[in-house]
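Only one structure is covered here, and it is reproduced in the block below.
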Amino acid sequence: MVAVEGTVRLRPEGTANPDLATGQVELADCTVEVLNAAEAPPFPVDDRTDIDEAVRLRHRFVDLRRPRMQANLRRRSAVLAAMRAAMVRQGFVEIETPLLWTPTPEGAREFAVPSRLHHGDFYVLPQSPQIAKQLLMVAGFDRYFQIARCLRDEDLRADRQFEFAQLDLELSFGSAGDVQEAVTEAVVDATEAATGERPGTVEHLTWHEAMDRFGTDKPDLRFAMELVDMSDIFAGSGVKALQAPCVKAIAVPGGAALGRSRLDALVDRAKGIGAKGLAWFKVTAAAGGGSGLDSPLDKFLGDEERSALSTRTGAEPGDLVLVVADGWRTACTVLGALRLELGRMPVGEGERRFCWVTDFPMFDGVDDAGYPVAAHHPFTMPHPEDLALLGSDPAAVRSQAYDLVLNGWELGSGSVRIHREDVQRRVFDALGISPDDAELRFGFLLAAFRYGAPPHAGFAVGIDRLVAILCGEENIREVIAFPKTQSGTDPMTGAPKPIAPGALHDLGIRVVPRD
RNA sequence: GGUCCUGUGGUGCAGUCUGGAGUGCACGCCGGCCUGUCAAGCCGGAGGUCGCGGGUUCAAAUCCCGUCAGGACCGCCA
């Protein structure tokens with residue numbers, strides 16, 4: 001660490017270097033003062049090499065000097081500033097909510113914080129400020145926002161850390177559309193602030209449409225390869241493998257070049273996701289013009305089926321058509337996964353295609369006791385037209401929940417909330433939460449609602465994911481100053497670590513060895 | 001809980017499949033030279049528990065088993 005003093009002057013003719021930021025000038029008549037001696041850094045402080053993750057994190061203070069990390073964190077700062085400005089401009093009030101919250105055993109596993117003053121009792125760190133912000137609606141803050149830290153004790157991934165940041169917001173007397181407008185403004189502003197480019201139109205898809213066309217609830221709209229329905233074509237088919245309620249296909253450009261082992265791997269992958277099988281057809285150029293098919297199943301196909309496989313999907317010679325026959329949900333999911341596997345683009349490539357996915361199902365699957373599981377959270381308002389189905393056909397109930405998606409990443413989710421006690425009771429009932437149970441878990445929220453709860457709706461944007469995409473990073477660790485490893489440790493500090501026996505004693509906690 | 005990939009001087013790699021002396025490359029570090037260079041150049045040098053433990057073998061970085069660490073994914077993430 002040195003301080004250099006001198007005179008800045010233009011470099012002599014012929015020695016300027018346009019590749020350097022300071023390439024036009026030089027320092028003359030320097031004095032150099034050593035402020036602090038330093039050891040050689042543990043790895044090169046540049047962007048040219050990929051350093052082992054554990055080494056980077058152990059010396060994060062050095063790692064963060066690299067130009068890439070400097071740019072990422074500064075870009076993150078610009079995103080936060082733009083979001084905050086957009087929210088304030090739209091009349092939202094920034095309010096902080098507690099980090100020491102109360103257990104709400106529902107959804108993600110919570111981090112527990114032992115209470116020193118009340119032995120045996122625990123606070124938890126909030127997995128989101130969900131309930132607190134609903135209480136703020138009751139309290140009359142009709143437009144709330146917060147750049148909130150959320151904590152979930154679930155396994156880590158490239159796009160998931162224990163703690164993450166959300167632009168959390170809620171508004172009263174507004175529709176889902178109002179929420180989406182407010183969020184869109186914030187993320188579009190943030191994108192422009194971070195990249196200098198303002199994204200184009202933000203599209204809206206229903207959940208059903210997203211599944212039907214892209215086989216996922218978080219479609220990457222940067223590339224086509226859309227799912228095509230072939231159910232009618234194969235309805236009375238003689239091909240046993242393709243007899244199912246739903247037959248879907250995708251065309252893979254240039255996919256005819258894939259070798260047998262790669263195709264077999266795709267079949268295995270399809271089966272791994274839950275398909276009974278995967279049919280593939282290489283589209284070939286026919287002798288007299290037109291096209292033919294190369295596939296083990298070709299000889300079983302009728303003429304109509306054969307031609308539909310290429311005309312419907314738009315496949316040209318040299319392309320590959322993949323077909324899954326199954327239930328609608330499975331056929332879509334499997335082809336959606338294969339579409340990604342074969343077409344996925346690096347996160348930093350192409351344009352930024354935001355889209356809203358709306359009308360999610362209210363429930364997703366059933367729990368051990370056979371009750372439906374809330375797809376979003378239990379305070380989500382069902383679609384008004386589907387209210388009657390709550391008791392009879394829960395799987396068919398759509399909710400007023402919506403996700404924001406960018407290039408195949410789920411950026412966040414939100415919903416219109418239930419503000420009427422009778423509706424909340426019916427939803428709890430459908431979920432198998434008894435009135436006593438509900439009182440125990442969410443009593444304070446239900447009580448608040450009795451004092452006049454406005455209709456309200458909200459959203460939360462995953463800031464780490466948004467910033468990662470805007471930085472062209474595949475991993476959110478690259479946009480977080482001090483992240484954890486995949487096993488939840490911090491190689492720099494050594495956390496988590498044992499605490500002193502005295503501290504344990506104060507907390508009334510005894511550690512038992514793992515089995 | 002599971003699947004897969006990776007682990008070799010400070011850093012990034014090759015060597016592992018097909019066992020034969022810690023062999024090699026680039027960067028960095030130390031010393032010297034050079035001094036209009038800017039990823040400087042030239043000469044010399046130091047630096048290794050091949051993640052760890054066990055097994056097979058005359059012989060293991062290399063094969064086998066276990067384990068630890070990092071990563072990607074499945075489960076999980078209302």
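Numbered from 1 within each chain, the chains take letters A, B, ... in sequence-line order.
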Does any donor atom in the side chain of A:Glu473 or A:Asn72 lie under 3.5 Å from an acceptor atom in the other side chain?
yes

Per the side chain to side chain donor-acceptor pair (under 3.5 Å) rule, which among A:Thr184, A:Asp403, A:Thr206 passes with A:Trp356?
A:Thr184

What's the CD-C1' distance between A:Glu154 and B:rC73, to the nearest Å?
16 Å

Spacing between A:Asp464 atom CG and B:rC77 atom P, to the nearest angstrom:
20 Å

What's the gap between B:rG20 and B:rC76 when it is taken at their P atoms, as a whole Å value?
46 Å

Using the P atoms only, state how far B:rA60 lies from B:rG55, rounded to an integer number of Å.
12 Å

If you measure from the P atom in B:rC74 to the same atom in B:rG10, how many Å do you get, rounded?
36 Å

Do A:Glu110 and A:Thr104 get their side chains close enough for a donor-acceptor pair, meaning under 3.5 Å?
yes

Could you check A:Asp159 against A:Arg465 for salt bridge (Lys or Arg N to Asp or Glu O under 4.0 Å), going step by step and ending with a plain yes or no?
CA-CA 7 Å; A:Asp159 61 351; A:Arg465 289 182 185 178; 3.6 Å; yes

Any strand, both distances under 3.5 Å, Watson-Crick or G-U wobble: B:rA39 pairs with none

Nucleotide paired to B:rU23 in any strand shown, Watson-Crick or G-U, under 3.5 Å
B:rA14

Base-pairing assignment for B:rC30 (Watson-Crick or G-U wobble, both under 3.5 Å)
B:rG44

May I ask you to say whether A:Glu341 pairs ionically with A:Arg269, meaning some side-chain N is under 4.0 Å from a carboxylate O?
yes

What about A:Asp155, does its side chain sit under 3.5 Å from the base of B:rG75 through a donor-acceptor pair?
yes

Are A:Asp212 and A:Trp328 linked by a side-chain donor-acceptor pair shorter than 3.5 Å?
yes

P spacing across the pair B:rG22 / B:rU67, given as an integer number of angstrom:
29 Å

Under 4.0 Å, counting only non-hydrogen atoms across every strand here, what does A:Asn475 touch: a base, just sugar-phosphate, or nothing?
sugar-phosphate

With nearest nucleotide decided by heavy atoms, which residue, A:Gly23 or A:Val55, maps closer to the 5′ end of RNA chain B?
A:Val55

Assess the side chains of A:Gln146 and A:Thr97: does a donor N or O sit below 3.5 Å from an acceptor N or O?
yes

For B:rG44 versus B:rU11, give the span between their C1' atoms, rounded off to a whole number of Å.
22 Å

Do A:Arg65 and A:His59 meet the criterion of a side-chain donor-acceptor pair at a distance under 3.5 Å?
no

Give a yes or no on whether a donor-acceptor pair under 3.5 Å exists between the nucleobase atoms of B:rC77, that is its base, and the side chain of A:Arg160.
yes

If the C1' atom of B:rC58 is compared with that of B:rG1, how far apart are they to the nearest Å?
43 Å

Does a distance-only test, which skips hydrogens and angles, find a donor-acceptor pair under 3.5 Å between the side chain of A:Arg157 and the base of B:rG75?
yes

Nearest heavy atom decides the nucleotide; on that basis, is A:His377 or A:Asp52 closer to the 5' end of RNA chain B?
A:Asp52

Using a cut-off of 4.0 Å between protein heavy atoms and nucleotide atoms, how would you tag nucleotides 24-32 of chain B 5' to 3' with B, S and -?
---------

Please report the distance separating the C1' of B:rA46 from the corresponding atom of B:rC30, rounded so that it comes out in whole Å.
7 Å

Send over the distance from A:Ile273 CD1 to B:rC74 P, rounded to a whole Å.
10 Å

Positions of residues 383-415 of chain A (non-hydrogen atom under 4.0 Å from RNA chain B), listed by number:
none

One pair to check against salt bridge (Lys or Arg N to Asp or Glu O under 4.0 Å): A:Arg60 and A:Asp63. What are the steps and the verdict?
CA-CA 5 Å; A:Arg60 191 60 158 179; A:Asp63 189 42; 2.6 Å; yes

Looking at A:Thr485, I'd like to know whether one of its side-chain N or O atoms comes within less than 4.0 Å of OP1 or OP2 on B:rG70.
yes

B:rA72 OP1/OP2 closer than 4.0 Å to side-chain N/O of A:Arg477:
yes

Sugar-phosphate only, base, or nothing, as touched by A:Pro42 at under 4.0 Å among non-hydrogen atoms:
sugar-phosphate

Salt bridge or not between A:Asp422 and A:Arg426? Use side-chain N to carboxylate O under 4.0 Å.
no

P atom, B:rU23 versus B:rG48: distance in rounded Å?
14 Å

On the side chain of A:Arg11, is there an atom forming a donor-acceptor pair with the base of B:rC38 - under 3.5 Å, no angle test?
yes

Would you call A:Asp326 and A:Lys248 a salt bridge, taking side-chain N to carboxylate O under 4.0 Å as the test?
no

